[in-house]
There are 2 protein chains.
Amino acid sequence: MVNVGIIGYGTVGSGVFEVLNTNSKSIAVKAGEEIKVKRICDLRDFPGDAAEKLITHDFNDILNDDEITIVVETMGGTKPAYDFVKASIEAGKSVCTSNKELVAKFGAGLIKLAEKHNVNFLFEASVGGGIPIIRPLNYALTAEEILEIKGILNGTTNFILTKMNDEGLDYETVLKEAQDMGYAEKNPTADVEGFDTCRKIAILTSLAYGKQVDFEDIRTEGITKITKEDMEYAKALNASIKLIGESKKENGTVYARVAPALIDREQPLYSVHDVFNAIFVKGNMVDDVMFYGRGAGKLPTASAVVADVIDAAKHKNKHIPIIWEEDKLELGDIREYKQKFFVRVPADMKEAVKQKMPELEEVKTEKVKGEFAFITPVLTENEFEEAVKDLKIINRIIVNFK
Amino acid sequence: MVNVGIIGYGTVGSGVFEVLNTNSKSIAVKAGEEIKVKRICDLRDFPGDAAEKLITHDFNDILNDDEITIVVETMGGTKPAYDFVKASIEAGKSVCTSNKELVAKFGAGLIKLAEKHNVNFLFEASVGGGIPIIRPLNYALTAEEILEIKGILNGTTNFILTKMNDEGLDYETVLKEAQDMGYAEKNPTADVEGFDTCRKIAILTSLAYGKQVDFEDIRTEGITKITKEDMEYAKALNASIKLIGESKKENGTVYARVAPALIDREQPLYSVHDVFNAIFVKGNMVDDVMFYGRGAGKLPTASAVVADVIDAAKHKNKHIPIIWEEDKLELGDIREYKQKFFVRVPADMKEAVKQKMPELEEVKTEKVKGEFAFITPVLTENEFEEAVKDLKIINRIIVNFK
C-alpha cells in the first residue's frame with residue numbers, strides 16, 4: 001500500500017482523488033500495489049465531500065507523516081508551493097505536480113534535489129494536461145535531436161480563436177462568452193496574453209535541450225489584437241490563426257517565442273479545435289510527430305498526475321533521471337529570426353507597399369473592404385520593421401506555414 | 001560502453017546503425033554511456049557499406065559474444081526471428097525489435113521469458129513506426145481504463161486512400177502508382193488486405209487489456225473494394241475513408257476489427273493523410289488523446305528501436321515490467337456489435353429500400369449517377385444482413401462517426 005498526500009484540493013487536486021478512487025483496481029495492477037490518498041491539505045473545509053475526513057489545514061500533517069511517501073502538489077503558484085515541495089523532497093517523499101509556474105521556474109533545481117534524496121520529482125501534468133508529452137520527450141524520443149517544438153498549449157485561447165473563426169465574431173464578444181461558459185477566467189490575462197503558453201514552452205524547451213530556459217527570456221504576444229477580419233484573411237489563405245508556443249534550433253542556436261500565427265491546412269495543428277491542445281515535435285530522425293488531447297480540465301489533468309504517482313510508486317528509492325540542468329540556455333535573439341509576415345494596410349497604401357516590397361504576395365478576401373493585405377518575403381523582425389517604418393499597419397501576424 | 005548486435009541489416013536494421021552513429025553524442029548523454037554496434041548478422045554482404053566490417057553470417061557470433069548485451073532484431077517474420085530472440089534472452093541479453101509478426105504472436109511469452117532472465121524485451125517500433133505509442137500505453141496512460149483504440153496503422157493503405165480521395169482516381173491506378181513509387185510492395189497483400197493493421201491492433205489491444213489478443217480472432221477487411229464513387233459519397237458526407245484498426249470495450253466485452261470506415265471531419269483522424277499514421281485512444285478519465293507521425297520508413301522506425309535500446313541500456317539487470325499475460329482475451333462477436341452502415345444500391349431499388357428501412361438517411365452526390373445511397377440506422381451486422389438480404393448491394397462501408 002502506497003499512501004499519498006495531496007496539497008491543494010481544487011479542480012486538479014480533487015480530480016486526482018477521483019481518478020485514484022474510480023480506477024483504483026487497474027491502478028493497483030499497474031503500480032504493483034494499492035495506492036490510497038491518506039491526507040489532503042487545503043485551507044478550506046469540504047463538508048459533505050467524499051474527502052471531507054481527509055482534510056487538514058496544516059501541511060505538517062502530511063510532511064511529518066512517514067507513511068505518506070508521495071506528495072501531490074496541485075495548489076498552483078510558487079508561494080508556498082515551492083517551500084512545500086522542497087520540504088517534501090527533503091523529507092524523502094516523491095512529489096508529483098501539475099504546477100507549470102513551479103516547474104518552469106524551479107524544475108531543474110527540484111530534479112537535482114530529488115536526485116540527491118533518491119526520490120522523484122515528476123510533472124507530466126504541467127504541460128498539455130492529459131496529453132502524454134513530458135514522458136515521450138524524456139523517455140521515448142531519446143534517439144532524436146529535437147529540431148523544433150510547436151504547440152497549441154492553452155485551451156482557453158484555442159477555444160476563443162476557434163469560435164472567432166467558426167462564427168465570425170470578434171474577440172471581445174467571444175471572450176465574454178468563454179467567461180460565461182467557464183472556459184476563461186474573470187481575469188483572463190494569463191491565458192490571453194500568452195503567459196501560460198510561455199511557461200509551457202519554456203518547460204518543453206528546457207527538456208528538449210537539457211538546460212534551463214527562463215520563461216522571462218521568451219518574447220510573448222497574446223491573442224488580444226486578433227480581429228474577425230484577420231480570421232477572414234486566414235480563411236482566404238486556407239489557414240487558421242492559432243496561439244503558438246514554439247522553439248526551434250537553427251545552426252546551433254535555439255529560438256523561442258509565443259505569438260499568434262497563421263497555420264496552413266497542410267499541418268496537423270491546423271485542425272486542433274476548441275479546448276484541445278496539441279504539441280508537434282520535429283526530430284532529426286523521426287521527422288514529424290504530434291501529441292493531441294485535452295490540455296486542461298479536471299480529470300484529464302488529474303490522469304496525468306496519477307500516471308506520475310504510479311511511476312513514483314514503481315520507483316521507490318530509485319530516482320528516475322531527467323536531463324534538465326540548472327545552467328541557463330541562452331536563446332537566440334528572436335528579432336534576428338527569419339519568417340514571413342502577414343500584413344494589413346489601408347487600401348490607399350497599396351502602391352507604396354508594392355514599391356517597397358516588390359516580391360510581396362497579395363491576399364484577397366471579399367469579406368474585408370478598404371484594405372490591402374499581403375504576405376512579405378522571408379524577413380527578420382528588424383528587416384520587417386525597417387521595411388514598413390513609414391506605413392500605417394492595421395495588423396501583422398506571423399506566417400507559420402509548412 | 002554498451003555493445004549492440006543487430007540481426008537483419010535491411011531497411012530498419014541499417015536505419016538503427018545510422019541513428020546510433022548520427023546521434024551518438026546525445027544518445028550517450030541520455031543512456032548514460034556510449035552505445036556502439038559491435039556486430040551485424042545478415043546473410044548478405046554489404047561491400048562498401050559503413051557497416052561492412054561488422055557483418056557476420058553466423059548468428060552465434062552475436063549470441064556467444066558476452067560483450068553484446070543488447071540485441072536488435074529487425075529481420076521480420078517469425079522464423080528464424082523467434083528462435084534468435086529466444087536464444088538471445090536466454091543468454092541474458094535484452095532484445096529490442098520492430099517485428100510486429102513476432103510481437104503479435106509471441107509478445108506475451110517473450111516478456112515473461114525476459115522477466116525470468118532479468119532482461120528486457122521491448123518493441124516500441126512494432127506499431128506506428130516512429131510514433132511513441134507502446135510507451136505511452138504502458139507508462140503514461142496508466143491511470144486510465146482504456147475504452148477505445150482507433151488507429152490508422154498502415155502507411156501504404158493511407159497513401160492509396162488519400163490519393164484516391166484527392167485525385168478522384170480508382171484503386172488499381174493508385175496502387176500501381178504507389179508500387180512504382182516504392183510505397184507499396186510488388187505483392188501488396190499484407191498491406192491492402194489489412195493483415196499488417198490487424199497485427200498492430202492486436203498488439204495495442206493486448207497491451208490495453210493486459211491479455212493475449214490473437215490476431216487470427218480479429219475480423220479483417222482490406223481496402224481493395226473501395227472505389228472512387230465511395231470517395232465521392234464520403235466527400236458529400238464531409239468524411240474520408242480510412243483503413244481503421246480498432247478495439248472497443250462495451251459492457252465489459254472487448255470488440256476488435258480491421259475495416260475501411262467513414263471518418264467524419266469532427267475527428268482528428270480525418271486529417272491524417274498520405275503515409276502518416278495516427279492512433280487515437282479514449283480513456284475513461286483523459287477522454288481523447290491522439291498520437292501522430294510517420295508510421296513507417298527507415299529512420300523513424302529505427303528511431304523507435306533506438307529509444308528501446310537506450311531504455312535497455314539504462315535498465316541493466318532490471319526488468320521493466322510490461323503487463324501482457326499469456327491468457328487469452330476472448331473478444332466479443334463482431335457480428336453483434338452495433339453501428340451504422342453506408343450502403344449503395346441501384347437507383348431502381350430506392351423504394352424497396354425505403355420500405356424496409358424507413359429511418360434511413362439518404363446520401364446524395366452529383367458525381368455518381370444511377371444509384372441510391374444511404375446510411376442505415378444503428379444495426380448489428382446480423383440485423384443489417386437480414387435487412388438487405390433481397391437487395392443488390394453495390395458496396396457497403398462502416399460508418400465510424402463521432
Side-chain angles (χ1 to χ4, degrees), chain A residues 15 18-20 22-23 25-27 29-32 124 129-132 134-136 138-145 210 265-266 268 270-273 276 278 280-281 283-294 297 299-307 309-311 314 318 321 323, chain B residues 15 18-20 22-23 26-27 29-32 124 129-136 138-145 210 265-266 268 270-273 276 278 280-281 283-294 297 299-307 309-311 314 318 321 323:
Chain A
E18 186 174 336
V19 171
L20 281 169
T22 309
N23 288 350
K25 277 188 195 164
S26 61
I27 288 170
V29 171
K30 280 163 192 161
E124 179 64 70
I131 307 170
I134 304 288
R135 232 175 227 92
N138 285 341
Y139 313 119
L141 297 173
T142 47
E144 296 296 318
E145 311 233 348
R265 202 153 57 174
E266 300 311 303
Y270 170 85
S271 34
V272 176
H273 303 307
F276 281 92
F280 167 94
V281 180
N284 71 336
M285 296 291 137
V286 75
D287 198 39
D288 300 352
V289 292
M290 190 179 81
F291 304 87
Y292 167 97
R294 292 192 181 271
L299 296 179
T301 309
S303 169
V305 176
V306 173
V309 170
I310 293 169
D311 233 7
K314 283 161 71 182
K318 178 158 172 47
I323 301 171
Chain B
E18 187 175 333
V19 171
L20 282 169
T22 309
N23 288 350
S26 61
I27 288 170
V29 171
K30 281 161 191 162
E124 178 65 71
I131 308 170
I133 177 60
I134 304 288
R135 232 175 228 93
N138 285 342
Y139 312 118
L141 297 173
T142 46
E144 296 296 318
E145 312 234 348
R265 204 153 54 173
E266 301 311 304
Y270 169 84
S271 33
V272 176
H273 304 306
F276 281 92
F280 168 95
V281 180
N284 71 336
M285 295 291 135
V286 76
D287 198 37
D288 300 352
V289 290
M290 190 178 83
F291 305 86
Y292 167 98
R294 293 194 180 269
L299 295 178
T301 309
S303 169
V305 176
V306 173
V309 170
I310 293 169
D311 234 6
K314 282 161 72 183
K318 178 155 172 50
I323 300 171

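Atoms considered below: every heavy atom in the structure, side chains included; atoms not considered: hydrogens, waters and symmetry mates. Please read all numbers here as calculations on a predicted model, not as lab measurements. Residue numbering restarts at 1 for every chain, and letters A, B, ... go by the order of the sequence lines.
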When [options] are compared by non-hydrogen pairs under 4.5 Å with chain A, the top option:
| options | answer |
| --- | --- |
| B:K30, B:E144, B:M285 | B:M285 |
| B:V289, B:V309, B:I27 | B:V289 |
| B:S271, B:G297, B:S303, B:G129 | B:S303 |
| B:G293, B:P300, B:G210 | B:P300 |
| B:D287, B:V306, B:N138, B:L141 | B:D287 |

Query - Any B:I131 side-chain heavy atom under 4.5 Å of B:R294 side chain - result: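 In short, these two side chains do not touch, never coming nearer than 4.5 Å.
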Requested in this report: Kindly indicate, with the supporting measurements, whether the criterion side-chain contact (heavy atoms from CB on, under 4.5 Å) is fulfilled by B:E266 and A:H273.
Outcome: CA-CA 9 Å; B:E266 301 311 304; A:H273 303 307; over 6 Å; no
Query raised in the report: Are any side-chain N or O atoms of B:N284 and backbone N or O atoms of B:E145, one a donor and one an acceptor, separated by less than 3.5 Å?
Result: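 Judged by distance alone, yes, a pair lies under 3.5 Å.
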Query raised in the report: Quick check: does any side chain N or O of A:S26 sit under 3.5 Å from a backbone N or O of A:N23, one acting as donor and the other as acceptor?
Result: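 Yes; at least one donor-acceptor contact below 3.5 Å.
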Report task. Only counting residues at least two apart or in another chain, list the ones meeting side chain to side chain donor-acceptor pair (under 3.5 Å) with A:E18. Result ->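 Not a single residue meets the side chain to side chain donor-acceptor pair (under 3.5 Å) criterion with A:E18.
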Query - Proximity breakdown for B:V272 and chain A, heavy-atom pairs closer than 4.5 Å - result: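 Neither part; nothing is under 4.5 Å.
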**Report entry** Segment of B:F276 engaging chain A (4.5 angstrom heavy-atom cut-off)
**Finding:**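 B:F276 touches chain A through side-chain heavy atoms alone.
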Query raised in the report: What heavy-atom pair brings A:A140 and B:A307 nearest, and what distance separates the two atoms?
Result: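 What the structure gives for the nearest pair is O-CB, 3.0 Å.
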Query - Nearest non-hydrogen partners of A:G130 and A:A304, listed with the distance - result: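 Where A:G130 meets A:A304 most closely, the heavy atoms are CA-CB, 4.4 Å.
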Query - chain B interface, residue from A:I323, A:T142, A:D288 that has the most non-hydrogen pairs under 4.5 Å - result: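 Highest number of pairs under 4.5 Å: A:T142.
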Query - Winner by heavy-atom pair count (cut-off under 4.5 Å) against chain B, out of A:P268, A:P321, A:G15 - result: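 Answer, by heavy-atom pair count under 4.5 Å with chain B: A:P268.
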Report task. Tell me, for A:K314 versus chain B, whether the close heavy atoms (under 4.5 Å) come from the side chain, the backbone, both or neither. Result ->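 Answer is side chain: those atoms of A:K314 sit under 4.5 Å from chain B.
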Query raised in the report: Given that the side chain runs from C-beta out, which part of A:V281 has a heavy atom under 4.5 Å from chain B: side chain, backbone, both or neither?
Result: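 Contact with chain B is absent: no heavy atom of A:V281 under 4.5 Å.
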**Report entry** Qualifying residues under salt bridge (Lys or Arg N to Asp or Glu O under 4.0 Å), relative to A:R135, sequence neighbours excluded
**Finding:**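 A:R135 satisfies salt bridge (Lys or Arg N to Asp or Glu O under 4.0 Å) with A:E124, A:D308, A:D311 only.
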